[in-house]
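Remember, predicted model here, so these are calculated numbers, not experimental data.
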Amino acid sequence: MMTTRMLGTNAEPLDPLQQQEPTAEELKARCTAWATLMNDNKYDTIFQLRGPRTIEAMRYNFMTMRPATCIDIQMVSIMCHVLNRERVERFERDVYCVPPEILTRMFDTYGLNYLDKKTKMPYLVKQLKDHEEYVQLLDMQKLKSHSVLFAPALYSNHWWLYVLDVQHKEFYIVDSMYGIAPNQNRNKLHPFACNVLNQLRVRAGAPSILKKGTIALQL
């Protein structure tokens with residue numbers, strides 16, 4: 001009689017005539033344990049997502065989804081990729097999730113000192129030496145046409161989400177841990193993020209949502 005072994009480190013073979021099929025929650029728990037298991041195969045490829053670019057997820061990427069760890073940027077990029085491919089009318093028509101690499105790269109490069117001393121305005125994405133590599137991650141058509149942008153941001157080992165409502169010219173911060181910014185440094189980053197997102201839209205051919213000489217929308 002054929003038996004099957006479920007994913008998991010100590011899973012017993014299942015006799016299809018004697019045992020019930022595992023529930024969705026049980027399968028989810030076993031798959032999570034398998035994907036995040038600490039072992040010598042942390043560089044095993046778990047899956048690949050194919051589209052305008054191929055995103056590969058390895059076991060060590062999944063390991064960062066365990067409690068008390070900072071989620072790897074590759075996992076957040078995968079979440080954006082999946083969201084942008086959702087066959088949900090509202091998302092297809094209105095919402096675009098900006099890959100996290102660009103905003104994170106700008107934060108890492110300039111941090112709180114993001115004002116150019118010459119122009120007194122935020123540094124431009126095109127001033128990054130490797131900016132073309134990051135711009136290639138974008139869907140320019142959606143960036144131009146969609147009215148709501150989701151933009152995950154990582155700074156000081158903490159993730160939060162920016163939401164830019166283009167139609168109403170409003171800018172929001174969504175943070176599951178903090179109702180208000182835990183310090184002033186975080187507050188100083190928000191205008192920079194808004195400016196970078198506006199730069200990307202303009203690069204895609206959309207009109208600027210900022211008044212001339214202003215850095216960002218008012219929060």
Minimum-distance pair of heavy atoms, taken over all atoms of [X] and [Y]:
X	Y	answer
Tyr96	Asp139	OH-N, 2.9 Å
Pro122	Ile215	CG-CG2, 3.6 Å
Gln127	Tyr110	CB-OH, 3.8 Å
Gly111	Leu189	O-CD2, 3.8 Å
Arg186	Asp175	NH1-OD2, 3.3 Å
Ala193	Leu103	CA-CD1, 3.9 Å

Tell me, do [X] and [Y] make a side-chain contact under 4.5 Å, heavy atoms counted?
X	Y	result
Arg105	Asp108	no
Pro99	Pro152	no
Ile173	His190	yes
Val166	Val148	no

Handout entry: Residue pairs passing the ring-ring contact (aromatic ring centres under 6.0 Å, His included) test where at least one lies in residues 124-150, sequence neighbours excluded
Key =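 Qualifying pairs, neighbours excluded: none.
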Practice task
Look at atom CD of Glu132 and say whether more than 12 heavy atoms of other residues, nucleotides or ligands are closer to it than 6.0 Å.
Solution key: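 Yes, because the 6.0 Å sphere around CD of Glu132 holds more than 12 heavy atoms from other groups.
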Practice task
Tell me, yes or no, whether the heavy-atom count around Lys142 atom NZ, taken from other residues, nucleotides or ligands under 6.0 Å, exceeds 12.
Solution key: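 Yes, enclosed.
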Exercise for the section: Apply ring pair (Phe, Tyr, Trp, His ring centres under 6.0 Å) to Phe91 and list each qualifying residue two or more places apart in sequence or on a separate chain. Expected result: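 Listed in chain order: nothing, the list is empty.
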Exercise for the section: Kindly indicate, with the supporting measurements, whether the criterion side chain to side chain contact (heavy atoms under 4.5 Å, CB included) is fulfilled by Leu161 and Tyr172. Expected result: CA-CA 8 Å; Leu161 179 72; Tyr172 304 95; over 6 Å; no
State plainly whether one hydrophobic cluster holds both [X] and [Y], where clusters connect Ile, Leu, Val, Met, Phe, Trp and Tyr through side-chain heavy atoms under 4.5 angstrom apart.
X	Y	result
Leu164	Leu124	no
Ile71	Met177	no
Leu217	Val202	no
Leu83	Val88	yes
Leu128	Val196	yes

Working to the nearest 0.5 angstrom, can you tell me the gap between [X] [atom1] and [Y] [atom2]?
X	Y	atom1	atom2	answer
Asn61	Ile78	CG	CD1	6.5 Å
Met75	Ile55	CE	CD1	10.5 Å
Cys80	Glu101	SG	CD	8.0 Å
Leu200	Leu149	CG	CG	8.5 Å
Asn113	Lys188	CG	NZ	9.0 Å
Ile102	Gln199	CD1	CD	10.0 Å

Keeping the roles fixed (side chain from [X], backbone from [Y]), state whether a donor-acceptor pair exists under 3.5 Å.
X	Y	value
Thr214	Leu210	no
Thr104	Pro100	yes
Asn195	Ala216	no
Glu26	Thr23	yes
Asp94	Ser147	no

Practice task
Tell me yes or no: between the side chains of Tyr178 and His158, is some donor less than 3.5 Å from an acceptor?
Solution key: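 Not at all, the side chains of Tyr178 and His158 share no donor-acceptor pair under 3.5 Å.
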Exercise for the section: Answer yes if the side chains of His81 and Arg85 hold a donor-acceptor pair under 3.5 Å, and no otherwise. Expected result: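 Side chains of His81 and Arg85: pair found under 3.5 Å.
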Exercise for the section: Applying side chain to side chain contact (heavy atoms under 4.5 Å, CB included), run through Trp160 and Val174 and close with a yes or a no. Expected result: CA-CA 6 Å; Trp160 65 90; Val174 181; over 6 Å; no
Practice task
Could you give me the CA-CA distance, side-chain angles and deciding distance for Asp165 and His168, then say whether side chain to side chain contact (heavy atoms under 4.5 Å, CB included) is met?
Solution key: CA-CA 6 Å; Asp165 184 338; His168 299 98; 3.0 Å; yes
Exercise for the section: Could you tell me whether Glu86 and Arg93 make a salt bridge, using a distance below 4.0 angstrom between a side-chain N and a carboxylate O? Expected result: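 No salt bridge links Glu86 with Arg93.
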Handout entry: Pair Met121-Asp116, side chain to side chain contact (heavy atoms under 4.5 Å, CB included): steps then yes or no
Key = CA-CA 6 Å; Met121 295 293 289; Asp116 190 316; 5.8 Å; no
Practice task
Describe, in one word, how the ring planes of Tyr162 and Phe107 are oriented to each other, choosing from parallel (under 30°), tilted (30 to 60°) and perpendicular (over 60°).
Solution key: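 Because their plane-to-plane angle is over 60°, the rings of Tyr162 and Phe107 count as perpendicular.
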Exercise for the section: Assess the pair Phe192 and Tyr114: is the distance between their ring centroids shorter than 6.0 Å? Expected result: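 Yes - the distance between ring centres of Phe192 and Tyr114 falls below the 6.0 Å cut-off.
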